[in-house]
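Atoms considered below: every heavy atom in the structure, side chains included; atoms not considered: hydrogens, waters and symmetry mates.
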Amino acid sequence: MSGSNEAAKEMRVNRFIADSGFCSRREADKLIESGRVTVNGETIGLGSKLSPENDVLCIDHQPISARQADDYVYIALNKPRGITCTTDLRRRDNIVSFMNYPERIYPVGRLDRDSEGLILLTNDGSIVNKILRAGNRHDKEYLVRVDRPFDEAFLKAMAEGVEILGQKTLPARCRRKGADRFRITIHQGLNRQIRRMCEALGYEVLDLCRLRIMHITLGQLKSGEWRYLGKKELRDLYALLEDSRDNEPARLSTAERADLEGND
């Protein structure tokens, strides 16, 4: 790309694409792998860098520009059941079409189609991995209803960890909210994690609602409603993410990849 005197100003191409708001870093890597990304007219590979000031990046031959801080959008949505957290417009139930937002935004992680509650959407790809990586230990809290009353042994097992997907889940915090309801706070987001944990213990999840991501709460949002994050929420978010890692390992296991997808 640019000369060595610009090395200090270089950044990874996937980060530049994410910062532009086009998509997340993981999605950017897929675009790079498929040969759809060029820098100064040359197709590049994973791990490539560019100088934002001097190089021209294109996706499908269309130039992508750096986004300014004022252009970023941060939204909290109370996702209803029946909506799928995908940007694939071929699916009628995709979350992008549901939002019908005038700019390109995408969800931070996922809630499965049968779950409801808080999901964040943004065009700021730089925050996605920082929020989702289990190693950063950011809270996600859920209210869960199962198909029959449970005992204290069930809550203890959910808190200490359950064997699913070939591994034991990380410790969680659990509180009873009724004979068949409980709140659980986790740091992971393994594929259908809470549902799989309950199933492993002999219970079926009937209702699952995410109430909180880090300090951001569902609040008074009704199903299908959304709001912009407030100034204080954003200040606190930036502060909490300041020391969070956003890079991914070069090779991810199936479970680790599901963790970054955050499909609870």
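Residues V73, I75, L77, I83, L89, I95, V96, M99, Y101, I105, I119, L121, W226, Y228 make up the rest of the hydrophobic cluster containing F98, defined by ILVMFWY side-chain heavy atoms closer than 4.5 Å, directly or through other members.
The distance from atom NZ of K140 to atom CZ of R210, rounded to the nearest 0.5 Å, is 5.5 Å. Annotation: the span from L143 atom CG to R175 atom CZ amounts to 10.0 Å, rounded to 0.5 Å.
Between D236 and K232 a salt bridge is recorded (basic side-chain N to carboxylate O distance below 4.0 Å). With salt bridges taken as basic N to acidic carboxylate O contacts below 4.0 Å, one links D207 and R81. With respect to the salt-bridge test (charged N to carboxylate O, under 4.0 angstrom), the residues E233 and R227 qualify. The residues K49 and E10 are annotated as not salt-bridged, no charged nitrogen and carboxylate oxygen being separated by less than 4.0 angstrom.
Taking hydrophobic clusters as Ile, Leu, Val, Met, Phe, Trp and Tyr residues chained together by side-chain heavy-atom distances below 4.5 Å, L46 shares a cluster with L50.
Minimum heavy-atom separation, R25 to A18: CG-CB, 3.7 Å. Pairing each heavy atom of L31 with each of C23, the nearest pair is CD1-SG, 4.0 Å. Heavy-atom minimum distance, I194 versus I184: CD1-CG2, 3.8 Å. Between R36 and D60, the closest heavy-atom pair is NH2-OD2, 2.6 Å.
For Y142 and F182, the gap between ring centers reaches or exceeds 6.0 Å.
A cation-pi contact, defined as under 6.0 Å to the ring centre and within 45° of the axis, links R104 to F22. Note that R148 lies in the cation-pi zone of Y203, set by a 6.0 Å cut-off to the ring centre and a 45° limit from the axis.
In this model, a donor atom of one side chain and an acceptor atom of the other lie less than 3.5 Å apart for S115 and R195. Donor-acceptor pairing under 3.5 Å is lacking for the side chains of D139 and T185. Side-chain contact of N14 with R26: a donor-acceptor pair under 3.5 Å is absent, judged by distance alone.
Residues that satisfy the side chain to side chain donor-acceptor pair (under 3.5 Å) test with K156, not counting sequence neighbours, are E160. In terms of the side chain to side chain donor-acceptor pair (under 3.5 Å) criterion, K231 has no residue partners (sequence neighbours excluded).
Between M214 and L237 there is a side-chain heavy-atom pair separated by less than 4.5 Å. I164 is listed as a side-chain neighbour of T169, based on a closest heavy-atom distance under 4.5 Å. Between I213 and I131, the closest side-chain pair of non-hydrogen atoms falls below 4.5 Å. Using a 4.5 Å heavy-atom cutoff, the side chains of Y74 and L120 are not in contact. Side-chain contact between R173 and I186: absent, with no pair of heavy atoms (C-beta onward) separated by less than 4.5 Å.
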